[in-house]
Amino acid sequence: MKFFNYCKVCYDELAHKVTWPTVKELTGSAVLVLTASVIIALVVFGMDFAFEKVMSLVYPG
């Protein structure tokens with residue numbers, strides 16, 4: 001009975017009390033996350049490339 005009551009309360013909260021984002025807000029957030037991910041990936045790639053070049057000077061061969 002406790003589990004059933006818990007499920008009922010959870011559904012009520014999700015259906016009536018939670019403010020869901022609009023499509024425009026969701027799209028904006030997705031674009032922001034995608035942009036940040038690409039920038040971070042490029043920074044990591046640049047650091048890896050630079051580290052590889054420095055290490056090839058330290059350890060030639």
Side-chain angles (χ1 to χ4, degrees):
M1 192 64 183
K2 285 184 178 182
F3 179 73
F4 178 73
N5 191 30
Y6 173 76
C7 290
K8 184 179 175 185
V9 170
C10 287
Y11 173 77
D12 183 52
E13 184 170 344
L14 286 173
H16 303 291
K17 296 180 183 177
V18 173
T19 303
W20 296 100
T22 63
V23 173
K24 185 176 180 181
E25 292 171 335
L26 200 56
T27 303
S29 295
V31 169
L32 180 67
V33 168
L34 181 63
T35 304
S37 297
V38 168
I39 290 171
I40 291 170
L42 290 173
V43 168
V44 170
F45 174 77
M47 292 171 63
D48 182 54
F49 184 77
F51 188 70
E52 179 186 359
K53 294 302 176 190
V54 168
M55 293 310 289
S56 68
L57 293 173
V58 173
Y59 299 108

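Keep in mind that this is a model prediction, so the values were computed, not measured. All residue numbers in this chain count up from 1 along the given sequence.
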### Query
When rounded to the nearest 0.5 angstrom, what distance separates CG in Leu42 from OG in Ser37?
11.0 Å
Report all side-chain donor-acceptor pairs from residues 14-22 shorter than 3.5 Å, counting only partners two or more places apart or in another chain.
from: Trp20; atom 1: NE1; to: Leu14; atom 2: O; distance (Å): 3.3
from: Thr22; atom 1: OG1; to: Glu25; atom 2: N; distance (Å): 3.2

### Task
Supply the members, apart from Val44, of the Ile/Leu/Val/Met/Phe/Trp/Tyr cluster built from side-chain contacts under 4.5 Å; use none for a lone residue.
Ile40
### Under 4.5 Å side-chain linkage, directly or through intermediates, the cluster mates of Met1
none
Table please: side-chain donor-acceptor pairs of residues 54-61 below 3.5 Å, with sequence neighbours left out.
from: Ser56; atom 1: OG; to: Lys53; atom 2: O; distance (Å): 2.7

### Message
Working to the nearest 0.5 angstrom, can you tell me the gap between Thr27 OG1 and Leu34 CG?
### Response
12.0 Å
